[in-house]
A.B. asks: 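Encoded as structure tokens, here's the structure I'll be asking about.
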Amino acid sequence: MDVIVGGGVAGLSVAWRLARSGRPVTVVDPAPASGASHAAAGMLAPASETDYTEESLLRLGVESLRLWPSFAAELAADAAPAGDWAAMLDYRTEGTLDVGFDADDLAALDELASFMDKLGLPVERLTGRQCRRLEPMLAPSVRGGIHAPQDAWVDPRKVTAALLRALGRRGGRLVRARAEQVRPGAVLTEGGEVVEAERVVLAAGAWSGGLADVPVRPVKGQILRLRSPRPLLSRCVRGLVHGRPVYLVPRGDGELVVGATQEELGFDTTVTAGGVYELLRDARELVPGVTELELAESVAGLRPGTPDNLPLIGPHRGLTLATGHHRGGVLLAPLTAAIVLGEASEPAALCSPERFL
Ligand code: FAD
């Protein structure tokens with residue numbers, strides 16, 4: 001049996017794929033799907049979420065984006081056989097529009113577009129007017145942008161709900177308890193239960209560093225959910241506002257996600273007035289109409305950061321790691337599962353935890 005410690009998008013994806021392949025699987029988590037995966041915006045946008053020094057991360061993201069359509073379709077089929085899979089996960093494929101306001105922003109976007117060109121990723125350079133033609137609610141001060149048509153996004157809360165359901169239907173077991181100790185071959189829960197395993201997969205996100213000697217730290221992200229009677233945007237919009245990145249992710253039901261701060265404050269998850277103010281201020285620069293919307297939710301999540309921003313996936317001191325996904329755990333979920341199942345050897349080399357030994 002395999003035991004997965006942590007039931008966020010990473011752990012649940014691994015658990016479901018293992019169960020689907022016929023392995024007996026147990027997930028140990030006191031509150032599945034309550035961590036970073038609950039806060040996440042759900043962008044599947046490898047290039048926009050990467051900078052030019054992160055070519056390995058970009059390659060992983062591109063590979064995982066390629067896996068997403070079949071992963072999503074199979075997940076939905078397992079979770080609710082008769083449903084429309086795209087609607088079930090709010091899986092959308094209209095791409096990302098990255099916009100800028102001044103010459104510095106446009107130069108940065110041009111550099112990103114050249115980087116994408118170099119890697120053979122589709123990208124279109126647009127004038128301000130062309131950006132507004134795609135998204136009429138954009139501010140008149142937007143001077144230009146780039147469109148990444150291959151990007152997609154999902155609602156991570158729907159994805160984790162589907163993963164839990166699909167895992168159950170495939171015979172996976174869920175133990176709602178905190179893991180106190182994790183060691184090769186066994187997990188000790190807070191209730192004193194020893195869950196024995198052939199393989200222990202550590203997928204406890206930002207908390208992984210408290211359970212094993214792994215270089216994972218929490219990176220706080222505050223994020224907002226606004227509600228609108230009708231969708232304000234038809235694709236993900238990202239922008240640099242005086243050098244500060246902000247993004248807007250539309251959901252099918254009119255929700256608009258505004259994210260996200262990036263703060264090194266340990267395990268603090270306080271939503272601050274300053275964080276909410278900065279996100280709304282910058283979002284309004286991109287799309288002035290956001291101030292009319294209802295503020296439905298503000299939340300902070302902890303990204304599992306690593307020293308080189310690459311995830312830690314693979315064997316490590318008798319355990320198997322599936323953690324350290326930082327800003328891209330939703331995007332990287334299908335690839336993470338594929339690596340743990342031994343189905344992706346080239347990406348596996350980039351994610352090997354042994355790089356820190
Ligand atoms: P988590 O989702 O944090 O799950 C960890 C799980 O471990 C939790 O359920 C927790 O209860 C459990 N756990 C903790 N301790 C224990 C223990 N001792 N025993 C048992 N279980 C334990 N990524 C994208 O790809 N696209 C995005 O647009 C995006 N936006 C984001 C926006 C924000 C504001 C944030 C914070 C993150 C965002 N991310 C995004 C990153 C993404 O959310 C993470 O990389 C991903 O959720 C990590 O998944 P995980 O399963 O490793 O961790």
Side-chain angles (χ1 to χ4, degrees), residues 3-15 26-46 48-50 57 60-61 64-65 68 96 151-157 159-160 163-164 174-182 187-191 195 200-212 216 218-225 236 238 247-249 257-263 267 269 271 275 279 297-306 309 311-313 321-337:
V3 174
I4 321 296
V5 177
V9 72
L12 291 175
S13 297
V14 170
T26 296
V27 173
V28 176
D29 191 323
S34 64
S37 308
H38 182 73
M43 289 175 294
L44 311 178
S48 307
E49 274 289 298
T50 317
L57 186 57
L60 294 175
S64 202
L65 180 62
W68 251 103
T96 306
D151 284 356
W153 69 101
V154 287
D155 182 340
R157 294 178 184 179
V159 172
T160 49
L163 283 166
L164 279 166
L174 180 62
V175 175
R176 286 185 185 266
R178 215 172 71 83
E180 290 281 0
Q181 265 180 44
V182 167
V187 172
L188 174 67
T189 72
E190 60 189 336
V195 187
V200 174
V201 180
L202 179 58
W207 297 270
S208 301
L211 288 165
V216 175
V219 181
K220 177 178 174 182
Q222 300 188 50
I223 190 163
L224 311 175
R225 282 168 171 80
C236 285
R238 307 176 57 101
Y247 56 74
L248 303 171
V249 178
V257 180
V258 178
T261 67
Q262 196 149 303
E263 304 162 78
F267 286 92
T269 51
V271 175
L279 289 171
E297 186 189 298
S298 54
V299 68
L302 299 172
R303 305 175 185 92
T306 62
N309 293 342
L312 295 158
I313 311 171
L321 304 186
T323 186
H325 295 82
H326 199 206
R327 301 190 308 260
V330 183
L331 168 64
L332 295 173
L335 185 63
T336 300

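Ligands are counted one by one from 1 in listed order, and the atoms in each one are counted from 1 as well. FYI, side chains are in, hydrogens and waters are out, and symmetry mates aren't considered; it's all heavy atoms of this structure.
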A.B. asks: Looking at CD of E263 and OG1 of T269, how far apart are the two atoms once the value is rounded to the nearest 0.5 Å?
C.D. replies: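 So the CD of E263 and the OG1 of T269 are separated by 11.0 Å.
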
A.B. asks: For ligand 1, which is the ligand I care about here, please tell me if G42 has any N or O atom under 3.5 Å from one of the ligand's N or O atoms.
C.D. replies: yes

A.B. asks: Would you say G259 contacts ligand 1, with heavy atoms under 4.0 Å as the rule?
C.D. replies: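 It does not, in that no heavy atom of G259 comes within the 4.0 Å cut-off of ligand 1.
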
A.B. asks: Would you please determine whether T323 falls within less than 4.0 Å of ligand 1 on a heavy-atom basis?
C.D. replies: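 T323 does not count as a contact of ligand 1 under the 4.0 Å cut-off.
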
A.B. asks: In the protein, what heavy atom is nearest to atom 39 (N) of ligand 1, and what distance, to one decimal place, separates them?
C.D. replies: R327 O, 3.6 Å

A.B. asks: Could you measure the distance from the CD1 atom of I4 to the CG atom of L12? Nearest 0.5 Å is fine.
C.D. replies: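 Taking CD1 in I4 and CG in L12, the distance rounds to 9.5 Å.
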
A.B. asks: Which protein non-hydrogen atom lies closest to atom 19 (N) of ligand 1, naming both residue and atom, and how far is it?
C.D. replies: A179 N, 2.8 Å

A.B. asks: I'd like to know if the side chain of T336 reaches the main chain of L332, judged simply by a donor and an acceptor atom lying under 3.5 Å from each other, with no hydrogens or angles considered.
C.D. replies: yes

A.B. asks: Among protein heavy atoms, which lies nearest atom 6 (C) of ligand 1, and at what distance?
C.D. replies: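 In this structure, atom 6 (C) of ligand 1 has D29 OD2, 3.5 Å as its nearest protein heavy atom.
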
A.B. asks: For atom 49 (O) of ligand 1, which of G8, S37, G329 has the closest heavy atom?
C.D. replies: S37

A.B. asks: Would you check the N or O atoms of V9, main chain and side chain alike, for any that come under 3.5 Å of an N or O of ligand 1?
C.D. replies: yes

A.B. asks: To the nearest 0.5 Å, what is the distance between CD (Q222) and OG1 (T261)?
C.D. replies: 4.5 Å

A.B. asks: Please tabulate, for the side chains in residues 204-212, all donor-acceptor contacts under 3.5 angstrom to protein atoms that are two or more places apart in sequence or on a different chain.
C.D. replies:
from: S208; atom 1: OG; to: A204; atom 2: N; distance (Å): 3.3
from: S208; atom 1: OG; to: G205; atom 2: N; distance (Å): 3.2
from: S208; atom 1: OG; to: G205; atom 2: O; distance (Å): 2.7
from: S208; atom 1: OG; to: T323; atom 2: OG1; distance (Å): 2.9

A.B. asks: Does W153 have a heavy atom less than 4.0 Å from any atom of ligand 1?
C.D. replies: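 False for this residue.
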
A.B. asks: Measure the spacing between OG of S298 and CG of L279 and express it to the nearest 0.5 Å.
C.D. replies: 10.0 Å

A.B. asks: Who's the nearest protein heavy-atom neighbour of atom 20 (C) of ligand 1, and how far?
C.D. replies: V28 O, 3.4 Å

A.B. asks: Identify the heavy atoms of A10 and A322 that sit nearest to each other, and give their distance.
C.D. replies: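 So the two residues come closest at CB-O, 3.8 Å.
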
A.B. asks: What protein heavy atom lies closest to atom 37 (C) of ligand 1? Include the residue and the distance to one decimal.
C.D. replies: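 Atom 37 (C) of ligand 1 sits closest to the protein heavy atom R303 CG, 3.6 Å.
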
A.B. asks: Heavy atoms only, cut-off 4.0 Å: how does A31 contact ligand 1, side chain, backbone, both, or neither?
C.D. replies: backbone

A.B. asks: Does only the side chain of L211 get under 4.0 Å from ligand 1, or the backbone, or both, or neither? Count heavy atoms.
C.D. replies: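 Only the side chain of L211 comes within reach of ligand 1.
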
A.B. asks: Between CZ of R327 and CG of N309, what distance do you get to the nearest 0.5 Å?
C.D. replies: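 Result: 5.5 Å between the selected atoms.
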
A.B. asks: How far is atom 15 (N) of ligand 1 from its nearest protein heavy atom, and which residue and atom name does that atom have?
C.D. replies: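 The closest heavy atom on the protein side is W207 CB, 3.5 Å.
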
A.B. asks: If hydrogens are left out, which of G35, A204, A33, G6 has an atom nearest to atom 5 (C) of ligand 1, that is, the closest non-hydrogen atom?
C.D. replies: A204

A.B. asks: What protein heavy atom sits nearest atom 45 (O) of ligand 1, and how far off is it?
C.D. replies: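 Atom 45 (O) of ligand 1 sits closest to the protein heavy atom H326 O, 2.7 Å.
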
A.B. asks: Donor-acceptor pair, S64 side chain versus L335 backbone, under 3.5 Å?
C.D. replies: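 Yes, the answer is positive, given that a donor and an acceptor are paired below the 3.5 Å cut-off.
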
A.B. asks: Measure from atom 3 (O) of ligand 1 to every heavy atom in G205, A36, A40, A203 and give the option owning the shortest one.
C.D. replies: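 Shortest heavy-atom distance from atom 3 (O) of ligand 1: A36.
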
A.B. asks: Please report the closest heavy-atom contact between M43 and C236, naming both atoms and the distance.
C.D. replies: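 For M43 and C236, the tightest heavy-atom pair comes out as CG-SG, 3.9 Å.
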
A.B. asks: Does ligand 1 have a heavy atom under 4.0 Å from the side chain of Q222, from its backbone, from both, or from neither?
C.D. replies: neither

A.B. asks: Please state which protein non-hydrogen atom is closest to atom 51 (O) of ligand 1 and give its distance, to 0.1 Å?
C.D. replies: A10 N, 3.1 Å

A.B. asks: Knowing that exactly one of T306, V219, L57 qualifies, which makes a side chain to side chain contact (heavy atoms under 4.5 Å, CB included) with H326?
C.D. replies: V219

A.B. asks: Taking R157 for the side chain and H38 for the main chain, is one N or O donor matched with an acceptor at less than 3.5 Å?
C.D. replies: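 Yes, R157 side chain to H38 backbone: donor-acceptor pair under 3.5 Å.
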
